[in-house]
Amino acid sequence: MSDNLSELLGRKGVNESLFDKLGNLAKPEGAPSEEAMAKLADDFLIGKANAFGTASFYDFLKPENKDKKAYVCNGTACVCAGTQEQVIDSLKNHFEADEIGHMTCLGRCHENSAFHYNGKNYSGDALNKLDKILDSDSNLNQDNYIVKASGKQILTKPFTNVNDYYQPFLEALRQDSADVLEEIKTSNVRGRGGAGFPMGMKLQFCRNVENDTKFIICNADEGDPGAYSDRYLLEHQPHSVLFGMLISGYVTHANYGILYIRAEYPESVEIVQKAIDAIQEAGLIGENIQGSGFNFQFKIIQAQGSYICGEETALINSIEGQRPEVRVRPPFPAQKGLFNKPTTVNNVETLAALHYIISNGGQAWKDIGTERSSGTKLVSLDSFFNNPGMYEVEMGTPLSTVVNDLGGGFKTDIKALQIGGPLGGLVPISKIKDLTLDFESFSKEGFLLGHASVVSVPTDYPIMKFIEHLFDFAAYESCGKCFPCRLGTKRGHELAEKALKTDYKIDKKLFADLLTTLEEGSLCAHGGGIPLPVRNALQYFEDELKPYFN
């Protein structure tokens with residue numbers, strides 16, 4: 001049935017996306033009306049239940065979102081910083097309690113106290129200027145953070161101008177696309193969104209499939225609390241992302257590029273659209289670009305609040321206008337993706353790396369970093385660091401260098417770092433000296449690099465409370481497709497909450513079985529990944545957790 005739906009939903013093309021239309025209908029009141037959804041269902045020749053089912057999944061489409069006026073960040077970085085209760089209390093002086101919603105995460109982890117109002121994000125000292133923010137359309141949503149490269153500037157190198165920046169793309173158009181792809185494969189650039197899969201292989205798989213219609217999707221739904229590297233690239237280096245998508249389209253013979261940008265990053269949507277308009281004006285996109293015979297168009301689709309859309313098949317379902325449930329694989333997106341057409345999905349930072357690779361050759365990127373983890377990596381440091389901000393480091397850099405030399409150490413006592421988002425490992429301070437910033441080191445030590453987002457857990461923050469928070473997040477954000485994740489994350493949250501609030505003791509064997517079921521039975525990395533930080537907590541904070549287990 002979903003295959004048939006994909007075909008139906010693709011009839012009007014990507015510019016007439018059902019999901020995009022639902023988002024536009026929701027803007028006036030926070031959720032689309034039943035009448036409007038019913039009309040959309042008729043227009044797309046699908047059942048009303050499909051349109052209603054889609055809308056009810058997302059934070060910013062579901063009926064409960066109606067009449068929300070402000071949203072408070074409830075991401076892990078803000079929770080651990082302990083700033084959000086004050087944000088809620090301050091907002092309650094201006095709004096009713098049911099007019100305040102939540103967002104996860106606003107990417108303001110470097111200063112916390114994050115909230116969203118009237119299409120803009122605010123953080124830090126903005127809370128003290130709330131009256132001014134509510135009374136005018138001010139620019140108080142601007143934030144500043146350190147951006148620094150410890151070695152070679154690649155992803156953080158300042159933008160020049162459109163004509164100069166896109167010259168390597170025009171030169172690539174004069175080459176055989178197979179040769180351009182070989183440079184990407186030579187570089188061994190690996191996915192920066194979590195899995196670390198070689199980008200060149202992904203592009204090759206899509207290239208090998210014969211089809212007149214193919215898609216390149218930029219996964220800009222950076223949902224990991226603590227991460228704001230993609231936000232940095234979208235807002236400060238948007239052309240690096242667009243360049244990467246153009247090259248990806250050329251080597252795979254794809255003619256459409258879709259940027260799926262999270263609703264929690266409203267400023268990013270506006271900035272990226274301006275960048276697209278600039279290259280459109282320069283004649284760098286459209287039909288027969290510069291007489292090369294290559295056609296390519298961009299489309300931005302704004303997400304509507306769902307962490308699971310970071311998983312590529314859930315994201316594809318979302319763009320189509322279906323519920324963002326994870327798809328069973330095979331077939332893989334390269335064979336059967338958006339609207340059943342060959343599709344390649346890559347993370348923002350992965351795409352941004354292609355400008356350097358195409359400009360300097362694949363070997364130049366391969367020569368940076370380690371043998372298996374080449375190039376540079378962006379690292380997001382949260383507000384507990386003396387120097388919070390965005391750092392570009394060579395793969396293989398000691399984690400201690402990032403924490404102590406770049407980050408300047410901590411402002412207060414910290415007992416652990418969660419690196420790589422909610423599904424990333426929980427690294428005790430004692431292990432920092434053993435890790436280097438690359439995929440292999442983290443895997444060997446039982447952790448996960450992922451986005452390389454760093455969330456600090458202060459000494460006075462209970463680890464059991466942290467576990468409860470992780471399970472709560474995982475249960476809320478589960479797509480519900482498979483039983484192990486849908487039920488297991490909720491059972492985990494219930495156990496942790498009961499142990500925290502009563503004298504209930506969790507059975508160790510039962511808990512271990514629950515984690516194993518999640519790891520081995522879940523359809524995707526959401527349910528399969530959440531046990532990792534929990535197991536890390538049980539391993540490294542056994543004494544602190546003893547009172548909660550029997």
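The model shown is predicted, which means the values in this text are computed figures rather than measured ones.
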Side-chain donor-acceptor pairs of residues 520-532 under 3.5 Å, sequence neighbours excluded:
from: Ser522; atom 1: OG; to: Leu518; atom 2: O; distance (Å): 2.7
from: His526; atom 1: NE2; to: Ala474; atom 2: O; distance (Å): 2.9

Side-chain atoms of residues 39-48: list all donor-acceptor pairs with protein atoms under 3.5 Å, sequence neighbours left out, distances to 0.1 Å.
from: Lys39; atom 1: NZ; to: Asp43; atom 2: OD2; distance (Å): 3.3

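Between Glu349 and Lys377, at least one side-chain nitrogen of the basic residue sits less than 4.0 Å from a carboxylate oxygen of the acidic one, meeting the salt-bridge criterion. Taking the charged nitrogens against the carboxylate oxygens, Arg11 and Glu7 have no contact shorter than 4.0 Å, which rules out a salt bridge. The pair Glu64-Lys62 does not count as a salt bridge, with every side-chain nitrogen at least 4.0 angstrom from each carboxylate oxygen. Salt-bridge annotation for Arg486 and Glu325: absent, with no side-chain N of the basic residue lying under 4.0 Å from a carboxylate O of the acidic one. Under a 4.0 Å N-O distance rule, the pair Glu320/Arg327 qualifies as a salt bridge. Between Lys66 and Asp98 there is no salt bridge, since none of the side-chain N atoms of the basic residue sits less than 4.0 Å from a carboxylate O of the acidic one. Between Glu494 and Arg491 there is a salt bridge, since a side-chain N of the basic residue sits under 4.0 Å from a carboxylate O of the acidic one.
The aromatic rings of His236 and Tyr145 lie perpendicular to each other, with more than 60° between the two planes, well past the 30° mark.
With Arg231 contributing its side chain and Gly107 its backbone, the two residues share a donor-acceptor pair below 3.5 Å. Proximity of a side-chain donor or acceptor of Asp382 to a complementary backbone N or O of Ser456 within less than 3.5 Å is detected. Side chain of Ser113 to main chain of Ser123: no donor-acceptor pair is present (N/O by atom type, distance under 3.5 Å, no hydrogens or angles).
Figure legend: Arg329 and Phe332 shown without cation-pi pairing, the cationic atom not lying both under 6.0 angstrom from the six-membered ring centre and within 45 degrees of its axis.
Contact detail for Cys218 and Val348: the closest heavy-atom pair is SG-CG2, 3.6 Å. Contact record, Ser248 with Met199: OG-CE, 3.8 Å, taken as the closest heavy-atom pair. The shortest heavy-atom contact between Tyr122 and Asn141 is CE2-N, 3.4 Å.
Glu519 meets the salt bridge (Lys or Arg N to Asp or Glu O under 4.0 Å) test with Arg535; sequence neighbours excluded.
Aromatic ring centroids of Tyr71 and His102 lie 6.0 Å or more apart.
None of Asp503, Ile463, Leu495, Leu500 except one satisfies the side-chain contact (heavy atoms from CB on, under 4.5 Å) rule with Tyr548; the exception is Leu500. Each of Lys274, Gln280, Gln273 was compared with Asp277 under the side-chain hydrogen bond (donor to acceptor under 3.5 Å, both in side chains) criterion, and only Gln273 meets it.
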Go through the steps for Tyr307 and Phe473 under the test ring-ring contact (aromatic ring centres under 6.0 Å, His included), then give the verdict.
CA-CA 9 Å; Tyr307 178 76; Phe473 175 87; 4.8 Å; yes
